Amino acid sequence: MKNYLDELNEPQREAVEATEGPLMVIAGAGSGKTRVLTFRIAHLIEKGVDPFNILSLTFTNKAAREMKDRISKVVGANEAKNLWMGTFHSVFARILRVEATRLGYPSDFTIYDTQDTQSVMKKVLEELQLDKDIYKPKQVLHRISQLKNNLITVRAYHNNPELIEADAAAMRPKMGDVYRAYVDRCFKSGAMDFDDLLLRTNEVLTRFPEVLAKYQERFKYILVDEYQDTNHSQYLIVKALASRYENLCVVGDDAQSIYAFRGANIRNILSFQQDYPDAKVIALEQNYRSTKTIVGAANQIIAQNKDQLEKNVWTANDQGQTIPIYRALTDADEARYVASQIWELEINEHLKHQDIAILYRTNAQSRAIEEALRKRNLPYRVFGGTSFFQRKEIKDLVAYLRLLINQNDEEALLRIINYPARGIGQTTLNKLTVASGELDKSIYEILENIGQYNSKIGLNKPTSQKLNDFITMIKSFKVMLQNHDVYEVATHVAKTTGLIKTLKEDDTPEGISRLENLQEILNSIQGYVEEQKQLDEGDPSLSGFLENVALATDADNSDDDENKVSLMTVHLAKGLEFPAVFIVGLEENLFPSMMNLNTRQELEEERRLFYVALTRAEKFAQMTYSVSRFRWGKIVDSEPSRFLEEIDDKYLEWKNLNAGLPINKSGLNANLFEDDYSQVPKFERKKPEEKKPATPLKPKAGFKPVAQANIINQMNGESVELSAGKIVMHDRFGKGKVISLEGEMDNVKATVLFDNAGEKKLLLNFAKLKVIS
DNA sequence: TATTTGTGCCTTTTT
DNA sequence: GGCACAAATA
């Protein structure tokens with residue numbers, strides 16, 4: 001227990017022991033930053049600091065849990081349990097449960113997720129009669145998010161001619177009205193969006209000195225992980241809380257700042273020393289994670305960026321293998337290659353599924369990979385994308401529960417008032433909404449006294465009765481909540497509202513899976529209730545559960561013990577490490593993203609993202625790019641990413657540079673499903689030392705009519721040869737005979753004479769033809 | 001009113 | 001190819 005300090009190197013140890021005063025730790029990738037944070041907290045407790053006085057802000061809730069576990073092992077669970085650890089959003093949501101009433105919010109305020117806010121915004125824009133093609137909900141919300149993260153309130157906005165002008169110049173002169181209406185609407189619904197959680201925390205700390213003093217006293221020691229990714233709002237909260245004792249330790253790596261798009265401000269880390277002139281700064285430069293090859297290649301990448309702090313990450317680890325870079329012909333080929341390499345790694349290097357991660361730039365890329373993994377029977381888990389709690393069937397049930405806690409939650413109410421269908425249509429809802437505005441009462445309040453309003457609103461008897469039935473049902477749930485636990489209520493809700501029945505009627509695979517999801521959420525509610533009942537400070541209440549739902553990140557609820565290959569975006573991979581990592585889709589306009597090519601700053605963030613991806617790898621890293629890819633339903637040609645050029649060839653091993661698309665020999669994409677390309681007509685072999693690898697060696701697109709083409713059999717994914725005379729099957733047209741084939745390489749058209757539908761020209765890329773004989 | 005069919009838009013990245 | 005929204009129909 002005492003010798004934990006011996007497990008640290010010199011700078012790590014220094015960072016752990018410098019407990020008093022401001023400290024910034026610049027931690028290179030893989031340099032043991034989590035270790036430092038963990039031991040530092042343990043050390044504080046060992047020195048006699050009350051865990052109650054320590055606040056630790058992590059990037060995910062999962063990271064917080066893991067750190068807590070590790071601290072428990074050093075100082076004991078009893079000590080560790082009083083630590084405040086979590087993400088900014090979850091910690092300050094907890095604080096706002098106590099303090100938000102000062103700002104006029106209910107303490108059971110709802111947290112609106114992205115879906116909710118978009119839905120609110122659409123209604124706002126409709127009400128203001130603004131063109132939703134100009135005021136695109138997503139863009140407008142992004143703008144508001146920017147404003148909030150810079151603590152520009154509605155009033156501040158209207159007092160700021162510069163901002164108003166900027167929005168006018170961007171063709172959105174009504175931005176201020178939209179902002180006000182959106183904020184009002186959320187407030188009336190007793191709801192906060194993600195940015196509000198930070199903005200309102202700032203507000204409460206600024207407006208109420210006694211609140212500030214309370215939390216300053218409470219959090220005498222503050223630690224912030226991933227400091228490079230904090231935004232201005234978070235920065236100010238930390239600054240305010242730490243200003244009394246200044247026992248603030250921030251840990252970060254400017255080279256890994258990848259959240260500028262959501263307001264992260266790299267200046268927070270770059271200017272720490274100006275904010276705290278007597279701050280101690282410690283750099284952790286020894287990488288314990290990766291091979292020399294990986295560290296060397298990563299260093300070369302990041303060296304291309306201008307905006308960065310000097311540092312020299314090095315490692316004493318083995319040289320390791322060179323990094324293979326596979327040039328794929330299509331995204332399917334890329335996926336197939338990755339799957340086959342995973343097999344090899346598992347056999348030759350004795351890796352388990354869980355040792356392997358596949359990282360990509362966009363969530364959409366997972367599909368092709370998933371398919372290839374399934375074919376190889378490799379179990380996998382996809383992180384991110386539409387998370388469990390975003391699914392419709394889950395949101396429906398949660399909306400009922402939300403309404404029980406916060407009757408003003410209009411999003412929840414409108415979502416479920418007619419789901420499952422109970423004959424309350426759009427017309428009725430419009431009337432209610434109008435009445436709600438005129439009477440300045442929430443829709444729920446109107447419904448509670450529907451008898452007294454229905455003539456004024458203009459509702460007929462049957463409709464009024466339906467509304468009354470609905471509100472009676474909701475009220476009965478509320479009553480039940482008083483003496484039953486959340487699981488019992490949720491189950492009752494799912495049954496009595498007809499949610500389960502509706503899903504049961506749908507026996508398509510999707511319907512069945514939705515029913516399973518509903519079952520799963522009920523199970524997880526039960527699990528949550530049981531778990532919270534066990535804990536001393538557990539909160540088995542419905543509002544506690546709902547907060548978890550709103551702030552759960554996908555990285556949080558992983559089944560750790562499952563042995564599966566991980567698939568995720570590079571963003572989600574931050575802070576993780578794997579023995580083997582595949583980075584796929586290294587192509588121009590994808591990674592770097594086409595959206596981020598306009599300014600140097602944007603491009604540098606993409607480069608940092610690539611740096612993060614590569615530095616996740618311990619022993620084996622591989623990269624792939626494809627010369628063509630399915631995007632927006634079309635095959636798009638692509639070129640290798642510029643980032644590949646930035647790595648010295650001594651670290652790399654270029655693979656499959658010669659494979660082309662031999663349209664004149666055996667047809668389109670003939671060789672996608674074989675590993676042996678030796679039979680394929682060769683393009684000029686490229687020698688890396690002669691030519692920069694990233695210069696695309698694209699096979700020239702052929703424009704000749706083709707005699708044959710290979711299509712991919714929809715059933716088993718195998719390639720099947722197609723030529724004139726073959727009998728094929730089409731979903732809509734039925735059976736038919738191929739008359740001829742024509743067209744360009746990736747754009748082959750087949751003329752088919754169908755038995756019942758006559759002659760059709762079909763694009764092979766789109767028509768799902770099955771070859772019968 | 002509810003359900004089905006058709007269309008236009010789309011894609012970064014996430015708390 | 002997929003999803004959200006609009007129009008068309010029972």
Side-chain angles (χ1 to χ4, degrees), chain A residues 57-63 86-93 111-115 117-119 122 126 132-133 136-138 141-142 145 148-149 192-199 226 229-231 233-234 257-264 331 359-368 383-387 389-390 392 418-429 462-463 466 502 510 547 549-556 568-574 585 589-597 602 605-606 608-610 612-613 629-636 763 765-768:
Chain A
L57 297 165
T58 55
F59 203 68
T60 63
N61 292 307
K62 184 181 165 206
T87 62
F88 271 92
H89 289 88
S90 62
V91 166
F92 294 111
I111 299 170
Y112 276 176
D113 68 12
T114 314
Q115 269 181 53
T117 57
Q118 288 195 14
S119 164
K122 278 177 196 157
E126 213 170 293
K132 63 177 168 6
D133 291 330
K136 292 199 161 96
K138 264 192 201 159
L141 281 165
H142 184 250
S145 173
K148 286 185 177 174
N149 283 327
M192 295 200 197
D193 64 19
F194 290 133
D195 303 315
D196 283 330
L197 294 174
L198 306 174
L199 177 68
E226 307 282 8
D229 281 325
T230 52
N231 63 34
S233 194
Q234 294 167 324
S257 164
I258 55 175
Y259 279 100
F261 71 92
R262 75 173 201 219
D331 45 359
L359 309 182
Y360 36 78
R361 179 65 180 80
T362 65
N363 284 303
Q365 287 167 263
S366 75
R367 190 171 305 129
F383 292 79
T386 21
S387 84
F389 293 112
Q390 315 247 36
K392 182 185 178 309
N418 196 34
Y419 185 85
R422 45 179 78 89
I424 301 168
Q426 198 53 53
T427 326
T428 310
L429 290 181
T463 307
K466 285 173 195 160
T502 312
E510 296 81 34
E547 187 178 309
V549 169
L551 297 177
T553 65
D554 208 65
D556 289 337
M568 64 185 89
T569 62
V570 181
H571 282 90
L572 277 180
K574 186 163 86 144
N589 295 325
L590 181 60
F591 199 174
S593 159
M594 65 191 306
M595 315 297 290
N596 278 355
L597 298 173
E602 283 176 346
E605 173 144 321
E606 291 285 314
R608 289 192 294 270
L609 201 51
F610 183 40
V612 167
R629 176 177 300 279
F630 250 102
R631 286 180 94 178
W632 315 290
K634 284 197 185 79
I635 292 182
V636 179
L763 272 175
N765 285 335
F766 297 101
K768 293 179 179 172

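Just so it is clear, the model here is predicted, and its values are computed rather than measured.
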Distance in angstrom units between [X] [atom1] and [N] [atom2], rounded:
X: A:L197; N: B:dT15; atom1: CG; atom2: P; answer: 13 Å
X: A:Q118; N: C:dC3; atom1: CD; atom2: C1'; answer: 13 Å
X: A:R629; N: C:dG1; atom1: CZ; atom2: C1'; answer: 15 Å
X: A:Y360; N: B:dT14; atom1: OH; atom2: C1'; answer: 14 Å
X: A:F59; N: B:dT13; atom1: CZ; atom2: P; answer: 15 Å
X: A:Q365; N: C:dG1; atom1: CD; atom2: C1'; answer: 16 Å
X: A:N589; N: B:dT12; atom1: CG; atom2: P; answer: 12 Å
X: A:N231; N: B:dT15; atom1: CG; atom2: C1'; answer: 10 Å

List, with names and distances, any nitrogen or oxygen atoms from the protein found under 3.5 Å away from nitrogen or oxygen atoms belonging to nucleotides 5-8 of chain C.
from, atom 1, to, atom 2, distance (Å)
C:dC5, OP1, A:K122, NZ, 2.2

For [X], enumerate each residue passing the side-chain contact (heavy atoms from CB on, under 4.5 Å) test, keeping only those at least two apart in sequence or located in another chain.
X: A:Q115; result: A:D113, A:Q390, A:K395, A:R415
X: A:N596; result: A:R361, A:E602, A:E606
X: A:N418; result: A:A421, A:R422, A:I424
X: A:A573; result: A:L359, A:M568, A:R616

Measuring only the C1' atom in each nucleotide, how far is C:dC5 from B:dT12? A whole number of Å is fine.
23 Å
Distance between C1' atoms of B:dT11 and C:dA6 (Å, rounded):
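Roughly 22 Å separates the two C1' atoms.
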Residues that A:T230 engages under side chain to side chain donor-acceptor pair (under 3.5 Å), provided they are two or more places apart
A:N268
Base, sugar-phosphate or nothing for [X]? Non-hydrogen atoms, less than 4.0 Å.
X: A:Y259; answer: sugar-phosphate
X: A:D113; answer: nothing
X: A:R608; answer: nothing

Which protein N or O atoms sit under 3.5 Å from an N or O of nucleotides 6-11 of chain B?
from, atom 1, to, atom 2, distance (Å)
B:dT11, OP1, A:K138, NZ, 3.1

Keeping the roles fixed (side chain from A:N231, backbone from A:Q234), state whether a donor-acceptor pair exists under 3.5 Å.
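Yes; judged by distance alone, with no hydrogens or angles, the pair exists.
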Please check: side-chain N/O of A:H571 versus main-chain N/O of A:Y259, any donor-acceptor pairing under 3.5 Å?
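Looks like no, no N/O pair under 3.5 Å.
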All ring pair (Phe, Tyr, Trp, His ring centres under 6.0 Å) counterparts of A:Y112, not counting sequence neighbours:
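In terms of ring pair (Phe, Tyr, Trp, His ring centres under 6.0 Å), with neighbours along the sequence ignored, A:Y112 is linked to no residue.
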Sequence neighbours excluded, which residues qualify as ring pair (Phe, Tyr, Trp, His ring centres under 6.0 Å) partners of A:Y360?
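Partners of A:Y360 by the ring pair (Phe, Tyr, Trp, His ring centres under 6.0 Å) criterion come out as none, since no residue qualifies.
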B:dT12 base stacked by A:F261 (centroids within less than 5.5 Å, tilt under 30°):
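No, A:F261 does not stack on the base of B:dT12.
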According to a strict under-4.0 Å criterion, is A:T569 in side-chain N/O contact with OP1 or OP2 of B:dT14?
yes
Tabulate atom names and distances for all N/O pairs under 3.5 angstrom spanning the protein and nucleotides 1-4 of chain B.
from, atom 1, to, atom 2, distance (Å)
B:dT1, OP1, A:T427, OG1, 2.7
B:dA2, OP1, A:G423, N, 3.2
B:dA2, OP2, A:N418, ND2, 3.3

Other residues, nucleotides and ligands only: do more than 12 of their heavy atoms fall within 6.0 Å of NZ on A:K138?
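At most 12 heavy atoms, drawn from other residues, nucleotides or ligands, come within 6.0 Å of this atom.
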Kindly point out which of [options] is positioned nearest to the side chain of [X]?
X: A:T114; options: B:dT13, B:dT12, B:dT15; value: B:dT15
X: A:E606; options: B:dT14, B:dT15, B:dT12; value: B:dT12
X: A:R361; options: B:dT12, C:dG2, B:dT14; value: B:dT12

Set of salt bridge (charged side-chain N to carboxylate O under 4.0 Å, His left out) partners for A:D229, sequence neighbours left out
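A:D229: salt bridge (charged side-chain N to carboxylate O under 4.0 Å, His left out) contacts with A:K574.
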According to salt bridge (charged side-chain N to carboxylate O under 4.0 Å, His left out), who are the partners of A:K136, at least two apart in sequence or on a separate chain?
none
Answer whether the closest heavy-atom distance between the side chains of A:L590 and A:R631 falls below 4.5 Å.
yes
